[in-house]
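Small disclaimer: the values here were computed from a predicted structure and weren't measured. Computed from heavy atoms alone, side chains included, the values below leave out hydrogens, waters and symmetry copies.
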Amino acid sequence: MRRVLASLVAVALLAVAGGAEPTRNTPKTKPDTGLRTRARQGIPKDKPYQVGKASWYGKRFHGRTTASGERFNMYQFTAAHRQLPLGTWVKVTNLKNGRWVVVRINDRGPVPANRIIDLTYGVAQLLGFHHRGIARVRLDVVEPPATFAQVHNLSGLN
């Protein structure tokens, strides 16, 4: 009985000593997604997120499911990017003619390593490179536009 009691006291002392470690006051941080904000990267606001080649995809993928689970529509203002979180809004500027469009990332890609973004055929038309297939573009991450409900109210439709 003494041995059992001594063992229980020893276990209790170890538990108290092990559990008595002071808690650290570490700040709660968001999990690292691998992406850095401009401030964390030290990039001034006027610098682009990325500059590189863009391509487009269209008819062959029209109606297929994207990485976000949506159906791909070759005429919507959407794009595929390898790293940006799905749902991110990006201003894409064609560096040759200065035209720009804001798109939402809803898919993953492009597959070729030398390209930074895959746009829909409709966006490529607006940017003026649908005939060539590839264009040099600038990407700027932007805040999402007004909600659908706000746009809906502004249009006077209810």
Could you list the donor-acceptor pairs under 3.5 angstrom formed between side-chain atoms of residues 95-108 and any protein atom two or more places apart in sequence or on another chain?
unit_1	atom_1	unit_2	atom_2	d
Asn97	OD1	Arg99	N	2.9
Asn97	ND2	Leu127	O	2.9
Arg99	NH1	Leu126	O	3.3
Arg104	NH1	Glu70	OE2	2.7
Arg104	NH2	Glu70	OE1	3.1
Asn106	ND2	Glu70	OE1	3.3
Asp107	OD1	Ala67	N	2.9
Asp107	OD2	Tyr57	OH	3.0
Arg108	NH1	His81	O	2.9
Arg108	NH1	Leu84	O	2.5
Arg108	NH2	Leu84	O	3.1

task = First locate atom CG of Asn114, then atom NZ of Lys53, and finally report the distance between them rounded to the nearest 0.5 Å.
result = 5.0 Å

key: Same apolar cluster (I L V M F W Y, side chains within < 4.5 Å links), Val142/Leu119   = no

ask   = Is it true that a side-chain atom of His62 and a backbone atom of Met74 form a donor plus acceptor pair closer than 3.5 Å?
value = yes

Where Pro85 and Thr88 come nearest, the two heavy atoms and their spacing = O-OG1, 2.6 Å

query = Nearest heavy-atom pair of Asp140 and Pro48: which atoms, and what distance?
reply = OD1-CA, 3.2 Å

key: Interatomic distance, Arg82 atom CZ to Asp118 atom CG [nearest 0.5 angstrom]   = 8.5 Å

query = Which is it for Thr65 and Arg71 under the side-chain hydrogen bond (donor to acceptor under 3.5 Å, both in side chains) test, yes or no, and what are the steps along the way?
reply = CA-CA 5 Å; Thr65 305; Arg71 293 275 177 204; 3.3 Å; yes

inquiry  = Quick check on the hydrophobic clustering: are Tyr49 and Leu86 connected, directly or via other members, by side-chain heavy-atom contacts under 4.5 Å?
reply    = yes

note = In short, Thr120 meets Gln76 closest at the heavy-atom pair OG1-O, 2.7 Å

inquiry  = Applying a strict under-4.5 Å side-chain criterion to I, L, V, M, F, W and Y, I'd like to know whether Val137 and Phe77 cluster together.
reply    = yes

remark   = In terms of heavy-atom contacts, Ala80 and Ile117 come closest through O-CG1, 3.3 Å

Same cluster (ILVMFWY, side-chain, under 4.5 Å), Val141 and Trp89 = no

query = Under the side chain to side chain contact (heavy atoms under 4.5 Å, CB included) criterion, do Leu139 and Val51 qualify, and how do the steps go?
reply = CA-CA 6 Å; Leu139 303 182; Val51 174; over 6 Å; no

remark   = Shortest non-hydrogen pair, Gly58 vs Phe72, comes out as O-CE2, 3.5 Å

message = How close do Lys47 and Arg138 get, counting heavy atoms only, and between which atoms?
response = C-NH2, 3.8 Å

